[in-house]
Amino acid sequence: IPLILYDQGNSGRSYELPSPSSTDIESTMLNYVSELHRVLQIFDINDDTNVKVHLLGHSFGASIAIDFANAYPLKIASLILLSPTIDGSWWLDDANFHRKYVSNDVNHIPVIGDESISNELVLRWVLGPELKYKDVLRWICKPSNEVYSTIWGKNEDVPDGQVAHYHRENILIKLKKKYNLPIMIGCGLLDEATPKRMLDLASRLNSISNLGTYKDDINTRVPVVILPHSAHCVASKDWKYYIRTIGSFIQNRKVKPIAT
């Protein structure tokens with residue numbers, strides 16, 4: 001299976017291209033979807049061909065994957081959402097919950113936007129115990145500040161930018177119910193896209209009544225893969241399991257998740 005990776009506009013090797021971000025989240029997402037559509041057309045994956053893609057997105061990339069699948073559902077062979085941003089309000093609620101436990105003083109809850117607390121949550125949520133900033137910097141090539149300053153918000157734990165108005169659970173329900181689109185969800189055990197959120201979402205998707213009519217498809221049910229050593233970024237100890245699980249899913253073999 002050919003593997004296509006691309007750098008979004010205004011980032012990485014596409015840094016000279018205009019940023020896809022716009023004035024509101026819906027316009028921004030349309031721009032990102034159009035950008036991905038143009039990338040696929042370069043590889044002759046057009047609207048008039050029968051070629052389908054296995055679409056994988058991590059973090060905000062998963063948001064782009066969801067919106068692309070919603071726009072072009074018949075072009076999608078499967079949807080793999082890793083540490084996904086599905087609802088901005090979930091992220092904020094979970095950040096507010098975890099903020100209570102950053103300080104050793106149980107009577108003192110740090111204020112929202114406290115830089116030191118935001119940095120501590122990044123260490124816990126994003127990097128986890130296995131990674132350091134220097135490890136992640138090796139992966140990054142000209143990151144776009146637009147994702148944070150315009151789309152995300154002030155800090156990782158304060159998503160008060162456009163993403164605060166991003167809500168896509170109903171789209172996933174539609175994709176599953178109408179198209180029985182194979183969907184896999186993954187996250188780190190210590191992820192800011194928390195395992196509980198992912199498991200609860202999968203449970204709701206798996207409760208859709210018509211899934212029983214697709215008994216021949218091994219991956220009709222939505223599996224949740226939780227990486228035991230990872231937070232938001234994948235730890236080196238989990239890479240082999242991570243890649244093997246994705247391979248099993250797109251080949252319609254039984255996924256062996258740590259959680260179901």
Side-chain angles (χ1 to χ4, degrees), residues 21 23-26 28-29 32 57-67 81-133 136 143-173 185-205 222 224-235 258-259:
S21 66
T23 55
D24 60 85
I25 189 63
E26 299 304 329
T28 292
M29 297 311 297
Y32 276 111
H58 176 265
S59 194
F60 181 66
S63 306
I64 299 171
I66 292 169
D67 278 52
L81 308 174
L82 303 172
S83 302
T85 305
I86 293 170
D87 193 302
S89 64
W90 294 0
W91 218 276
L92 182 58
D93 289 346
D94 290 337
N96 290 337
F97 175 80
H98 285 285
R99 194 177 291 107
K100 299 175 184 178
Y101 299 95
V102 172
S103 172
N104 291 326
D105 183 356
V106 295
N107 295 314
H108 172 67
I109 299 176
V111 298
I112 295 175
D114 183 313
E115 288 286 344
S116 64
I117 300 304
S118 294
N119 290 335
E120 178 64 25
L121 287 174
V122 166
L123 291 174
R124 297 185 185 194
W125 268 7
V126 179
L127 300 178
E130 300 291 328
L131 294 173
K132 301 185 183 302
Y133 276 115
V136 178
S144 172
N145 291 327
E146 288 289 328
V147 172
Y148 277 90
S149 61
T150 301
I151 300 172
W152 194 259
K154 182 179 179 182
N155 299 102
E156 187 72 16
D157 62 313
V158 188
D160 56 359
Q162 293 180 9
V163 77
H165 305 285
Y166 185 81
H167 314 288
R168 291 298 189 266
E169 180 178 349
N170 285 341
I171 286 179
L172 288 175
I173 290 173
I185 300 173
C187 66
L189 182 63
L190 304 175
D191 208 320
E192 52 190 333
T194 65
K196 184 180 187 308
R197 289 284 187 190
M198 301 303 103
L199 289 165
D200 287 348
L201 172 62
S203 177
R204 291 191 291 273
L205 292 173
V222 177
V224 179
V225 175
I226 299 178
L227 306 178
H229 304 98
S230 300
H232 198 60
C233 297
V234 180
I258 292 174

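Quantities reported herein were computed from a predicted structural model and do not represent experimental measurements. This chain uses plain numbering: 1 for the first residue, then up along the sequence.
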Is any side-chain heavy atom of P129 less than 4.5 Å from a side-chain heavy atom of L190? yes
Can you tell me how far [atom2] of [Y] sits from [atom1] of [X], rounded to the nearest 0.5 angstrom?
X    : Y    : atom1 : atom2 : value
S203 : M198 : OG    : CE    : 13.0 Å
R168 : I171 : CZ    : CD1   : 4.5 Å
I151 : Q162 : CD1   : CD    : 6.0 Å
D191 : L82  : CG    : CG    : 9.5 Å
D67  : I25  : CG    : CD1   : 8.0 Å
T150 : D24  : OG1   : CG    : 12.0 Å

Donor-acceptor under 3.5 Å ([X] side chain, [Y] main chain):
X    : Y    : value
S118 : D157 : no
H58  : H232 : yes
Y166 : S63  : yes
W90  : D94  : no
S83  : A193 : no

Trace of the side-chain contact (heavy atoms from CB on, under 4.5 Å) decision for F60 with W152: CA-CA 9 Å; F60 181 66; W152 194 259; 5.5 Å; no
For a quick test of reading the model, state the closest non-hydrogen atom pair linking [X] to [Y] and the distance between them.
X    : Y    : result
I86  : E169 : CG2-N, 3.9 Å
A202 : V222 : CB-O, 3.9 Å
H229 : E130 : O-CG, 3.4 Å
P195 : I226 : CB-CD1, 3.7 Å
D160 : G153 : OD1-CA, 3.2 Å
G88  : P159 : O-CG, 4.1 Å

Between D200 and K196, does any NZ, NE, NH1 or NH2 come within less than 4.0 Å of an OD or OE carboxylate oxygen? yes
Could you give me the CA-CA distance, side-chain angles and deciding distance for N119 and L123, then say whether side-chain contact (heavy atoms from CB on, under 4.5 Å) is met? CA-CA 6 Å; N119 290 335; L123 291 174; 5.8 Å; no
H167 ring center within less than 6.0 Å of W91 ring center: no
The test is side-chain contact (heavy atoms from CB on, under 4.5 Å); show your working for L81 and L172 and say whether it passes. CA-CA 11 Å; L81 308 174; L172 288 175; 4.0 Å; yes
